[in-house]
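In this chain, residues are counted from 1 in sequence order. In this text the structure is predicted, and so the values were computed from the model without any measurement. Atoms within each ligand, like the ligands themselves, are counted from 1 in listed order.
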Amino acid sequence: MRIDMLTTFPEMFSTQPPAALGVSIPGRAAAAGLVEIHATDIRAYTTNRHRKTDDRPFGGGPGMVMMCQPLWDAVLAVEAMDPRPTRRILLTPQGRPLTQPLVEELATLPRLLLIAGHYEGIDERVIEALAPQEVSIGDYVLSGGELAAMVLIDAVVRLLPGVLGDQESNLQDSFSQEADGRRLLDCPHYTRPREWMGREVPEILMSGDHGKVAQWRLEQKLARTEARRPDLLGP
Ligand code: 9D3
């Protein structure tokens with residue numbers, strides 16, 4: 001998969017350690033060539049004397065608004081760098097919430113083009129013209145779309161074929177599906193020692209009965225989901 005990131009902070013998207021996308025699973029995926037992440041500075045596509053990407057909002061008010069021209073030209077130029085069609089995605093608080101089903105769909109595509117704003121907003125006319133899919137990562141306020149884009153990249157890349165080893169298989173994650181398609185929170189996990197500061201590991205995990213262990217884990221997942229995230233279980 002090729003991922004293009006359009007941003008005024010391209011240096012945030014390094015795939016070399018110790019950058020966030022340069023270590024752990026995304027770092028390994030990049031090193032193995034399973035994903036190519038290209039960060040493009042929107043500022044490189046400015047045509048004005050001061051290389052400005054933003055301007056004051058019509059109608060007044062605080063903050064600055066990203067201008068149409070640099071972003072439009074950057075998108076068209078970056079798309080022309082590779083023949084594979086892009087899914088255009090704008091990271092914005094107004095977007096559709098990112099969920100595991102959306103992540104799974106994005107992981108099947110050959111090429112993503114992610115756009116992050118680091119301003120109060122982006123001129124609505126260039127959003128209309130680009131018609132990107134608008135995505136949010138949740139109901140809290142970030143300083144810009146870059147960290148949201150990194151969250152999306154991390155979630156997608158770990159699903160690409162060949163990225164996860166058997167040891168890290170995603171089949172049993174939080175938000176992955178049970179055999180019946182339900183998405184549940186994960187069960188508790190334990191490792192050695194058997195007793196730590198007076199706390200014991202649940203006896204059943206020591207029994208060697210794999211059927212009983214699987215049943216206990218499912219019960220734990222259900223109980224936790226009901227207690228912490230009843231919204232996941234539906235009406
Ligand atoms: C305080 C400014 N807000 C006024 C109502 C608007 C606003 C503009 C830009 C709030 C945040 C941002 C920057 N955030 C993102 O670009 C962003 C984001 C987020 O803040 N939360 C969750 N997902 C995302 S995706 C992009």
Side-chain angles (χ1 to χ4, degrees), residues 1-15 19-21 25-26 35 37-46 51-75 78-79 86-109 111-159 173-175 183 185 228-229 231-232:
M1 170 184 277
R2 173 171 171 145
I3 300 177
D4 281 282
M5 186 67 227
L6 270 58
T7 169
T8 52
F9 294 91
E11 62 282 2
M12 289 178 71
F13 293 87
S14 168
T15 52
L21 298 177
I25 293 166
V35 63
I37 300 174
H38 298 263
T40 296
D41 189 351
I42 297 167
R43 192 175 307 283
Y45 292 89
T46 53
R51 300 183 76 226
K52 263 166 28 100
T53 58
D54 61 344
D55 207 337
R56 291 154 60 204
F58 279 126
M64 297 292 274
V65 176
M66 187 179 285
M67 298 158 63
C68 293
Q69 176 272 320
L71 179 57
W72 175 258
D73 287 357
V75 169
V78 163
E79 287 184 341
T86 65
R87 170 75 60 98
R88 295 174 178 170
I89 297 173
L90 173 64
L91 284 306
T92 164
Q94 283 77 47
R96 154 183 178 188
L98 185 66
T99 59
Q100 194 64 16
L102 176 55
V103 168
E104 287 166 8
E105 184 200 337
L106 297 179
T108 69
L109 303 175
R111 195 172 175 207
L112 307 180
L113 186 150
L114 307 181
I115 303 164
H118 211 97
Y119 298 109
E120 198 54 34
I122 297 176
D123 190 314
E124 190 66 20
R125 295 167 298 181
V126 70
I127 301 176
E128 288 171 10
L130 292 171
Q133 181 168 30
E134 299 186 39
V135 173
S136 161
I137 63 162
D139 294 337
Y140 39 83
V141 181
L142 301 173
S143 326
E146 285 82 3
L147 286 173
M150 255 184 260
V151 166
L152 185 153
I153 291 169
D154 182 271
V156 168
V157 164
R158 61 186 290 286
L159 297 183
D173 285 359
S174 260
F175 303 116
R183 286 171 192 272
L185 297 186
R228 302 181 188 189
R229 293 293 308 279
D231 56 296
L232 293 178

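For the pair Arg88 and Glu79, the salt-bridge criterion is met [side-chain N within less than 4.0 Å of a carboxylate O].
The shortest side-chain heavy-atom distance between Met64 and Arg56 falls under the 4.5 Å cut-off. Ser14 places none of its side-chain heavy atoms less than 4.5 Å from the side chain of Leu21. Residues Leu130 and Trp72 form a side-chain contact, since some pair of their non-hydrogen atoms from C-beta on lies under 4.5 Å apart.
Between Leu232 and Arg183 the shortest heavy-atom distance is CB-O, 4.0 Å.
Scored by the salt bridge (Lys or Arg N to Asp or Glu O under 4.0 Å) test, Asp123 finds Arg125 as partners (sequence neighbours excluded).
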Enumerate the pairs of nitrogen or oxygen atoms, one from ligand 1 and one from the protein, separated by less than 3.5 angstrom; state names and distance to 0.1 Å.
| from | atom 1 | to | atom 2 | distance (Å) |
| --- | --- | --- | --- | --- |
| ligand 1 | 16 (O) | Gly145 | N | 3.3 |
| ligand 1 | 20 (O) | Leu142 | N | 2.8 |
| ligand 1 | 21 (N) | Tyr140 | O | 2.7 |
| ligand 1 | 23 (N) | Ser136 | OG | 3.4 |
| ligand 1 | 23 (N) | Ile137 | N | 3.0 |

